[in-house]
Amino acid sequence: MSGALLGGPSAGPLIGPEETLQGIGGAVAAIPLTHPRNRRWWIAFAGAVALLGVFGFTLGYLLYAGPGVWANNNAVVWALDIASYDWWIGVASGSLLVSAVLLLLGAEWRGAVNRIAETLALLATASAGLYPIIHLGRPWFFFWNLPYPNTYDLWPQFRSPLLWDAIDIVAFLVICVSLWFIGMLPDLATLRDRAFVEAMRQSDAKDRTRKLALLRAQIYGIVASGWRGSAAHWQIWVQAYRTVALLGVLLVVSVQTGASVMLAGSLMPGWHSTLLPVSFLVNAVYSGVGVTAAIVVLIRVVYGLDSLVTARHLDVLGRLLLCLGCASAYCYAAEYFDTFLNGDAQARAVLVRRMTGDHALVSWTAILGLVLPAQVLWSARARTTPLAIAMVGLLVAAGAYADHVMVLVVTLTQDFLPSSRLPYGPDPWGIATFAGSIGLFLTLLLLFLRYLPAVSIIESRRLALARAPGTAAAAREAASRATLRPEENPGPAPLWGVSATFASHADLAAALQAVSGISPDQVHLDGHGPVPMPRTLRALGLEGRSILPYALAGALLGGAGFYAMCIYATAYDYVFLIGGRPRLSWPSFVVPSISFAMMTGCIAIHLALLVLNRLPRLNHPAFNIPGFLRASDDRFFLSAEARSDRFDAARFERRLTSLPVEAGRPLEIRRIPR
C-alpha cells in the first residue's frame, strides 16, 4: 500500500537530501523552544479562545435551561448534538486509523503525518467526549453511567447503546492518549536536552530569563520520564507503539461499525442498509484524513518545514483523499441504486426526502462535499499544491458533518407514524455549541503547536538515515575527524563504568559485538542513541523480550471481566426486562466488551513499557557521561557499568581502541565516576 501511494519519482524526494540527525532535531525543536511566528500564533490563539468563550457561555445557558435549547423534539431526539458527537468521533477515528495503519505497514514517509494525526485523534476525542456528558441535562451526574457500588444497588443498563458510547469514548481516549504519548516520548527527551543546553547557555543572562529556561527544561525532563535512548528502551518502545496502534485499528472498526449496528437495530426506515457499516467507516476515515491534510499543510506553510513535509508528502495525502473520495462515491451510489431497486417504499421515501425535502441542502452538501472536491486530485499538479490539498480537506470535513446530520435528522423527522412527524430546524444554540467545540479543539491544537513537536523527530530521522545521503556523510565525516581522547583518571571517586562515543549505529553495534564476551557479572553493557538500534539487540542479549504477552493478557482479562459483569448484572443481580428482550442478551454485551478489552490491553502495554524499562527514572548515572545529551541528537553511546571489582576498565578500553576505524572504533572513550 505504501509503495503504491508514493507514486513515481516526479513527486520529488520524501526528505531534503542534505538533512542530518542534528538538523532535523533543531528544525522541529526550534518551534516549541523559540516560538517562531509568535505574533501570528497569538492572533490565532485569541480567535480560538473567543470561540472557547462562546462554548463556555453556551454550556452555562444549557445547564440553566436544559438540552431543549437545541430544538430537539419528541421525534428528533437526536439533532446537532449527536451529529456533532458522531462527526468528532469520525474525525478521531479517521486520524487514529491513518496513523496506526501507516505505522503497522511501515510506511517510511509517515513522520510528517503521524504526529499530527495522533494529536488530532486525541483532541477530537476530547471534543466528542463532552457531548454525551452535556447531553445528560445534569452532567454532574455523569458517573451514574459507570458500574460502581452505590446506595441503591443499581447497575447501568448494559444493553443500552448510550452506555456503549460511554465505554467507547473512554476506551478511545485511553488509546489515543497512549499512542500519542508513546510516539512522542523520544521527542520529549530531545526537547529536554535542547532546553537544558539553552538553559546552560543563558547562565550569564538575566535571572528571570534563566529561571524560565531552567523551568522549561525541568518540565520537559519530567514528562520525558527519564528516557535516555537505551537499546532496551527502543526495543520495548517499538513493540509498544505498534501494538497500541493495532489495538487502535480494532477499536476504530468496532466503534464505527457498532454505531451503524445501533441504527440498524431500530425500526426506522433508511437505517437498515447492509452497506451502512462500510459507509460509516469510509466517511470517518475520509474526514480524518481531510482534517489531517489541512493541518499538515498549515504547519508546513506557517513554520517553513518544506524540507520535512515535502511535496511528496502532499502528493501522498492527495492520493489518500482521492482513493477515499472514490470509495465514498461508491458507497453513495450503491446505497441509492440498491434502495431504489430493491428497497421498500419507506426506504425509497427517505432517499427522496433527502434530495428534495426540507433538509435537501444538507443532503446535497454531504454528497457534493464528500464526492466532488476529491476529484480535482486526479491532477498531479493539484496533489502537490498546498492550497488545493487544504481546501479539499476542509470541504471533505464539512461534507462529513452534513452527512451525519442527513442520516439522523431526515429519518427522524418522519417515521412510520404520522403522529410522530415533527419538523426540525437547526437552533442557534446547537450551532453555537458546535462552534464552541471547534474553539476548544483549536485552543488545544495551538497549545500543542507552541509547546510540543508538531512533526515526529524520530520518524523523520529514520527516514533521513534511509533516504538522505547527507546524514550518513555527516556521520562518516565526524568519524574521520575524530581522535581518541586520552584515558582520564576519575580520581578518588569510585568508578561507575566506561563510556564510548560513536558516530553511527553500525559502529556501536560492531563495538558491542567485540566486547559482548565479558561476563555479565562483571559489567552491564548498554547502547544509547537517537533512533532505534535493532543491530545491538543480539550483542546485548535482548532479542527474546516481548511486550505481546502483557497486551494479550490485559485485553483478555479486561474483556472477559467486563463481559462477565454484564451477564451477572443483567441476568442475575439486576433483572430489568424491557422491549421483550431476553434475560440474557449476550449479543448486546459484545460491543462494549470489545472496547473495554482494547482499553485494558492498552493500559497493560503502557504499564509494561514503563516497568520493563524501569521508567520513570529522572536521574541515572548515564546522564553523567560527558556529551551524553547528544544521545538524543546525533551520537551513539556505549555504556559499560561495572558490577564487580573484577571489571578491568583498562583492558576494556584497549579492546575498543584496537577496533578498526571503519568498523567500531569509538570517537571518544571516558571513565565515568559513580
Side-chain angles (χ1 to χ4, degrees), residues 100 103-106 175 178-179 181-189 224-250 458-459 461-462 465 497 499 502 505-506 508-558 597-598 600-618 620-623 631-632 636-643:
L103 177 60
L104 293 174
L105 291 178
I175 286 185
S178 186
L179 187 69
F181 179 76
I182 291 175
M184 194 180 294
L185 189 56
D187 292 357
L188 292 173
S225 305
W227 178 274
R228 53 190 182 275
S230 165
H233 291 183
W234 283 118
Q235 182 200 29
I236 298 298
W237 178 85
V238 170
Q239 295 180 21
Y241 200 15
R242 291 177 61 85
T243 309
V244 172
L246 177 60
L247 294 179
V249 171
L250 297 177
I458 171 59
E459 299 295 351
R461 283 173 169 168
R462 295 171 78 175
L465 287 172
S499 73
F502 302 86
H505 171 207
L508 172 61
L512 281 170
Q513 189 64 36
V515 299
S516 60
I518 304 177
S519 172
D521 296 333
Q522 299 182 25
V523 65
H524 172 69
L525 298 176
D526 203 352
H528 310 268
V531 293
M533 301 170 288
R535 297 170 62 178
T536 64
L537 298 180
R538 174 172 295 183
L540 294 173
L542 300 174
E543 284 186 310
R545 294 202 313 168
S546 175
I547 207 171
L548 294 180
Y550 302 94
L552 186 61
L556 290 178
L557 291 176
M598 299 302 103
T600 54
C602 178
I603 294 174
I605 292 170
H606 207 106
L607 292 176
L609 170 68
L610 297 177
V611 172
L612 293 178
N613 286 328
R614 299 180 181 179
L615 296 176
R617 184 176 180 180
L618 304 184
H620 189 274
F623 290 118
S632 63
F636 297 81
F637 289 82
L638 184 155
S639 63
E641 179 185 359
R643 287 187 167 178

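On a predicted model such as this, the values are computed, not experimentally measured, just so you know.
- For Ala539, the side-chain contact (heavy atoms from CB on, under 4.5 Å) criterion is met by Leu512, Gln513, Ser516, not counting sequence neighbours.
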Starting from the C-alpha separation in whole Å, work towards a yes-or-no answer on side chain to side chain contact (heavy atoms under 4.5 Å, CB included) for Ile518 and Leu525. CA-CA 9 Å; Ile518 304 177; Leu525 298 176; 5.7 Å; no
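- Note: Ile605 CD1 to Ile236 CD1 = 11.0 Å, rounded to the nearest 0.5 Å.
- At least one donor-acceptor pair under 3.5 Å links the side chain of Gln235 to the backbone N or O of Leu542.
- Closest non-hydrogen pair, Gly248 versus Ile175, comes out as CA-CG2, 3.9 Å.
- Ala231 and Leu537 make their closest contact through O-CD2, 4.0 Å (heavy atoms, listed as atom of the first residue, atom of the second, distance).
- The distance from the CZ atom of Phe623 to the CZ atom of Arg617 is 9.5 Å, given to the nearest 0.5 Å.
- Gly229 and Met533 make their closest contact through O-CE, 3.5 Å (heavy atoms, listed as atom of the first residue, atom of the second, distance).
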Could you go step by step and tell me if Leu188 and Trp227 meet the side chain to side chain contact (heavy atoms under 4.5 Å, CB included) rule? CA-CA 9 Å; Leu188 292 173; Trp227 178 274; over 6 Å; no
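- Distance check, rounded to the nearest 0.5 Å: CZ of Arg228 to CG of Asp526 gives 7.0 Å.
- No more than 12 heavy atoms of other residues, nucleotides or ligands shown are found within 6.0 angstrom of OH on Tyr550.
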Go through the steps to decide whether His233 and Leu615 satisfy the test side chain to side chain contact (heavy atoms under 4.5 Å, CB included), and finish with yes or no. CA-CA 9 Å; His233 291 183; Leu615 296 176; 3.9 Å; yes
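- Under the side-chain contact (heavy atoms from CB on, under 4.5 Å) criterion, Leu104 pairs with Arg242, Ala245, Leu246, Val249, sequence neighbours left out.
- Checked against ring pair (Phe, Tyr, Trp, His ring centres under 6.0 Å), Phe181 has the following partners two or more places apart in sequence or in another chain: His606.
- Between atom OG1 of residue Thr243 and atom CG of residue Leu548 there is a gap of 5.0 Å, rounded to the nearest 0.5 Å.
- In this structure, Ala240 and Ile547 approach most closely via the heavy-atom pair CB-CD1, 3.8 Å.
- Taking CG from Leu609 and CG from Leu185, the interatomic distance works out to 7.0 Å, rounded to the nearest 0.5 Å.
- Every residue was checked against the side-chain contact (heavy atoms from CB on, under 4.5 Å) condition with Ala510, not counting sequence neighbours, and none meets it.
- Residues Pro186 and Gly183 share a closest heavy-atom pair of CD-O, 3.8 Å.
- Sorted by first then second residue, the salt bridge (Lys or Arg N to Asp or Glu O under 4.0 Å) pairs that include residues 537-551, not counting sequence neighbours, are Arg538-Glu543.
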Might you work through the side chain to side chain contact (heavy atoms under 4.5 Å, CB included) test for Arg535 and Leu508, ending with a clear yes or no? CA-CA 9 Å; Arg535 297 170 62 178; Leu508 172 61; over 6 Å; no
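- Between Trp237 and Tyr241, the angle of the ring planes lies from 30° to 60°, which puts this pair in the tilted group.
- The two atoms that bring Arg461 and Pro530 nearest to each other are NH1-CB, 3.7 Å, heavy atoms only.
- A distance-only check finds a donor-acceptor pair linking the side chain of Trp234 to the backbone of Gly529 [under 3.5 Å].
- A distance-only check finds a donor-acceptor pair linking the side chain of Thr600 to the backbone of Gly554 [under 3.5 Å].
- Two residues are said to be in side-chain contact when any heavy atoms from C-beta on lie closer than 4.5 Å; His505 and Pro532 fail this criterion.
- Listed by first and then second residue, the ring pair (Phe, Tyr, Trp, His ring centres under 6.0 Å) pairs involving residues 512-541 are His528-Phe628 (not counting sequence neighbours).
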